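What follows is a set of notes on a single structure, which appears directly below.
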Amino acid sequence: MPSLATTSFLQRQAERALPQNPRPVLIAAFLLVLLAIGAGVAQWALAGRAREASAAIHAHVLQAEALLSAVKDVETAQRGYALTGQDDYLAPDREARRAIAALLPQLEASGLPAGRLRPLVTAKLDWSGRWWRCAAPGARWRRRVRSRPGRARR
C-alpha cells in the first residue's frame, strides 16, 4: 500500500499536469480525429483520380499500338504483293486502312498528346497509295519489270 506522502505527491503532480477543465483537451482530440478522417477521404479521392488517369493513359497507349500495328499491316501487304504479285494481299491493306481511319480520330480526340501522328500516318499512306498505283496490273512500272525476266526489281 502506498504511503500517504507518496499519494499526496502523485495527486499534486496530477493536478499540476492535468487541466482542471477537460473540455479543451476533448475538443482538441475531436478536431484531430476530424483532421485524420478528412485526410483519409482526400487520399481516397486522389487515389481514385489517379486510377482514372492511369486507365485513360493505358487506353491511349493501346490505341497507339493498334495504330502502329495497322500501319505495319499496310507495309506487310505491300511487301507481300511486291514479292508474289497476288491480289490476296490487297484485302489486309484495305482492312488496315479502315482501322487507321477509325483509330486516328480516337487518338486525337482522347485529350492526350497525339504528337505528329496524323501527318506521319498520312504521309505513309500517301506513299503506299502511290506505290500501289505503280504496282497495279497494267502500270508502266509493272510492264517494264515483267518485260525483263530474270532481272531484279528496283
Side-chain angles (χ1 to χ4, degrees), residues 1-136 139 141 153-154:
M1 180 158 225
S3 71
L4 190 55
T6 308
T7 305
S8 63
F9 174 75
L10 291 176
Q11 284 177 347
R12 282 191 311 255
Q13 292 299 321
E15 287 172 0
R16 216 181 300 157
L18 297 175
Q20 297 299 324
N21 187 3
R23 179 180 251 174
V25 173
L26 292 176
I27 291 173
F30 180 72
L31 290 176
L32 285 174
V33 167
L34 283 180
L35 180 67
I37 290 172
V41 168
Q43 177 62 30
W44 177 73
L46 288 175
R49 290 181 69 193
R51 279 190 301 274
E52 291 171 6
S54 177
I57 290 170
H58 184 68
H60 189 74
V61 168
L62 288 177
Q63 287 176 338
E65 287 177 354
L67 179 68
L68 177 62
S69 177
V71 171
K72 285 194 272 186
D73 289 346
V74 168
E75 293 174 350
T76 302
Q78 262 182 298
R79 277 196 297 285
Y81 187 79
L83 292 173
T84 65
Q86 296 176 357
D87 290 340
D88 298 341
Y89 289 98
L90 296 175
D93 179 74
R94 289 185 195 117
E95 291 171 18
R97 287 175 184 270
R98 277 193 291 272
I100 290 169
L103 285 169
L104 204 51
Q106 288 176 1
L107 277 168
E108 292 173 335
S110 69
L112 293 171
R116 296 179 19 201
L117 282 179
R118 183 166 293 277
L120 291 173
V121 170
T122 303
K124 177 65 179 170
L125 293 179
D126 289 346
W127 179 85
S128 175
R130 287 193 306 273
W131 185 91
W132 282 111
R133 283 191 296 278
C134 291
W141 177 79
R153 291 185 184 177
R154 296 178 195 176

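Numbers for residues simply follow the sequence, beginning at 1. Everything numeric here is computed off the predicted structure, so don't read it as measured data.
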I need the minimum non-hydrogen distance between A70 and A99, along with the two atoms involved.
CB-CB, 4.2 Å

Can you run down the salt bridge (Lys or Arg N to Asp or Glu O under 4.0 Å) pairs that involve residues 64-82, sequence neighbours left out, and say none if there aren't any?
E75-K124

Does anything in residues 94-113 pair up under salt bridge (Lys or Arg N to Asp or Glu O under 4.0 Å), and if so which pairs, sequence neighbours excluded?
D93-R97, E108-R118

With rounding to the nearest 0.5 Å, note down the distance linking CG in L103 to CG in L68.
11.0 Å

Interatomic distance, CG@L67 vs CG@L62, rounded to 0.5 Å, equals 12.5 Å

Residue pair W127 / Q78: nearest heavy atoms and the distance that separates them:
CZ3-NE2, 3.1 Å

In terms of heavy-atom contacts, P105 and I100 come closest through CD-O, 4.3 Å

The complete set of salt bridge (Lys or Arg N to Asp or Glu O under 4.0 Å) pairs with one or both residues in residues 46-63, sequence neighbours excluded, reads none

Between W131 and A82, which heavy-atom pair has the shortest distance, and what is it?
CZ2-CB, 3.5 Å

If I take atom CG from residue L31 and atom CG from residue L26, how far apart are they, to the nearest 0.5 angstrom?
11.0 Å

